Amino acid sequence: MIAQQLRIAMLSVHSCPIGQLGGRDTGGMNVYIRELAAALGRRGHLVDVYTRAHDPRDAELEYLAPGARLIHIRAGAVEEMGKLTQYNHLREFHDNLEKFRFGDGASYDLVHSHYWLSGEVGLRLAQEWRVPQIFAFHTIGAAKDELDLGENEPAIRLITEKEVATGCQHITAGTAAEKDAILRHHGCDGANISVVPCGVNPALFKPVDKRQARTALGFSDEPLVLFVGRLDKLKGIDRLIEAISLIEAPACRLAIIGGDEYSKPALERLKDLAARLNISGRVEFIRAVPQPKLPLYYSSADVVAVPSYSETFGMVALEAVSCGTPVVSTDVGAARIIIKEGLSGSVVPGNEPSVLARALAPWLENRDMDRMKLHGSVAGFGWDAVAGRMEHVYRNVLSKTPVGVK
Ligand SMILES: CC(=O)N[C@H]1[C@@H](O[C@@H]2[C@H](O)[C@H](OP(=O)(O)O)[C@@H](O)[C@H](O)[C@H]2O)O[C@H](CO)[C@@H](O)[C@@H]1O
Ligand SMILES: O=c1ccn([C@@H]2O[C@H](COP(=O)(O)OP(=O)(O)O)[C@@H](O)[C@H]2O)c(=O)[nH]1
């Protein structure tokens, strides 16, 4: 008998759902966990999100929303830490999580773990608690390696991902393409993988008058291309800068949002590239911007570029369209689902600079859009709908869980 109210332990070891976004390791996954947990809480469930304590200013426990708690667990020094180093502290994370749980008296129906580090902790907890573990990759290490971008993923990630993929009870993927990639790399049973898309908050990501937005941010009236995201090689920002250098008419500017103190080498590389291409004066590097301010930036832009080599979903494209701004994206993640060709942007086969340049140019000329129409085109992606689909997955998994596992 499955209770109406589910008690969910969500694991987000390596990255805090309320951390500053756009940093080295803080992106869509953080937003996903924060919003999903809050939406499940609104549906009457109890969600505890466990993350590694990384900032001494953070309280041990805080509420993301009614029914959704965020708990910082000590594992290693309370400071920022590389992902690989965090692997060495997973046992401590597990033990301190259990210490917290005993003190608090919490118990759970299921574990939903995010990213391989959490998946590793989830395997142990699920076994000890005799509940199912549902796992989300967010990015598949083996798929990243396949891209051959000159930075191989550590062997321990690849091994752990396989262990978790085959040892968990169920997997959630953001798109059907991610599900296919999981099947290809890890050969799990397709029946044990559900596709649940990411979402967007339409009350936050809505169109602002372009002129007002530009005035507020101090942008000129020149055609503007915007990039938003982590300064990761996978994002193809270098390709976008090259594309901008190829666009002669209309003359346009590129604003790049993202990056923290750990992204300095990437930032320097991109600045050097812009200098070598003689377009430094046309490229503005804006560091990470808090999410509540992003609608102003999206609304200022004529077009948002997503030049990624790969995305499992790609929430920036969804947020941009929700703000009424067209998106030119490579054919990655949910791009083909989010972007209506010719109406809300265009999808290109790859990030070859000349291809990107050709795709971007028309959106810089056609500058008067029915932005509310674009906003409405992604109305089905609200977080409550995502939480509803996730609840369905949870209940299905619980109904199939053999006696003795739960
Ligand atoms: C590039 C990509 O596929 N991003 C996904 C993903 O986001 C991040 C990614 O998983 C990072 O992994 P990596 O160590 O391999 O760089 C994590 O560190 C970040 O925390 C993730 O935010 O997940 C997003 C949500 O599912 C998805 O929209 C995005 O396309
Ligand atoms: O300066 C920034 C850069 C990014 N983001 C947020 O980070 C997320 C990026 O998610 P996406 O899925 O596009 O990429 P990821 O970083 O997960 O690979 C989006 O929700 C953005 O709104 C942000 O708030 N501020």
Side-chain angles (χ1 to χ4, degrees), residues 12-36 51 82-84 86-87 114-119 135-145 147 149 151-154 157-158 161 172-175 177-178 181 195-201 204-205 226-237 255-260 262-263 266 285-298 304-323 327 329-330 332-335 337-338 381 383 386:
S12 177
V13 174
H14 87 290
S15 203
C16 176
I18 55 165
Q20 165 65 62
L21 300 168
R24 180 187 52 187
D25 297 322
T26 43
M29 189 193 93
N30 307 59
V31 178
Y32 183 84
I33 294 169
R34 185 190 77 202
E35 296 291 338
L36 176 64
T51 192
K83 286 173 285 203
L84 210 47
Q86 293 193 36
Y87 181 81
H114 299 268
Y115 201 67
W116 62 281
L117 293 162
S118 300
F135 173 64
F137 280 87
H138 294 281
T139 294
I140 306 162
K144 264 180 100 170
D145 273 358
L147 290 167
L149 296 179
E151 285 167 2
N152 281 346
E153 289 303 305
R157 173 177 185 173
L158 306 179
E161 283 187 349
T172 54
T175 58
E178 189 194 351
V195 175
V196 181
C198 297
V200 68
N201 174 359
L204 171 65
F205 291 104
L226 177 71
F227 170 88
V228 177
R230 295 176 295 119
L231 304 188
D232 191 296
K233 217 167 184 182
L234 214 59
K235 298 285 176 183
I237 311 170
I256 296 177
I257 291 181
D260 58 8
Y262 302 99
S263 324
F285 291 92
I286 302 165
R287 297 268 292 243
V289 168
Q291 228 182 16
K293 232 183 148 184
L294 277 183
L296 275 182
Y297 284 92
Y298 286 131
V304 167
V306 178
S308 304
Y309 289 90
S310 166
E311 291 287 345
T312 51
F313 188 87
M315 292 169 62
V316 161
L318 183 55
E319 292 164 3
V321 175
S322 189
C323 285
V327 176
S329 173
T330 46
V332 293
I337 300 164
I338 297 164
F381 284 93
W383 287 106
V386 176

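Everything quoted here is computed from the prediction, not taken from an experiment. Both ligands and their constituent atoms are indexed starting at 1 by order of listing.
Counting only non-hydrogen atoms, the option in Asn30, Thr312, Thr139 that gets closest to atom 9 (C) of ligand 1 is Thr139. Ranked by closest heavy atom to atom 1 (C) of ligand 1, the top entry among Leu84, Asp232, Leu234, Val316 is Leu234. Compare Glu153, Glu151, His138 by their heavy atoms: the one nearest to atom 25 (C) of ligand 1 is in His138.
The ligand atoms of ligand 2 that sit less than 4.0 angstrom from a heavy atom of Val228 are 3 (C), 4 (C). The atoms of ligand 2 that sit less than 4.0 Å from any heavy atom of Ala288 are 1 (O). For ligand 2, the atoms closer than 4.0 angstrom to any heavy atom of Arg230 are 15 (P), 16 (O), 18 (O).
Scanning the protein heavy atoms around atom 16 (O) of ligand 1, the nearest turns out to be Lys144 NZ, 3.3 Å. For atom 25 (N) of ligand 2, the closest non-hydrogen atom on the protein side is Val289 O, 2.7 Å. Of the protein's non-hydrogen atoms, Gly28 N, 3.6 Å is the one closest to atom 8 (C) of ligand 2.
By the 4.0 Å heavy-atom criterion, Lys235 is counted among the residues contacting ligand 2. Residue contacts with ligand 1 include Arg230, since one or more of its heavy atoms lies under 4.0 Å from the ligand. Contact between Gly333 and ligand 1 is absent, with no heavy atom of the residue lying under 4.0 Å from the ligand. At least one heavy atom of Tyr115 sits closer than 4.0 Å to an atom of ligand 1.
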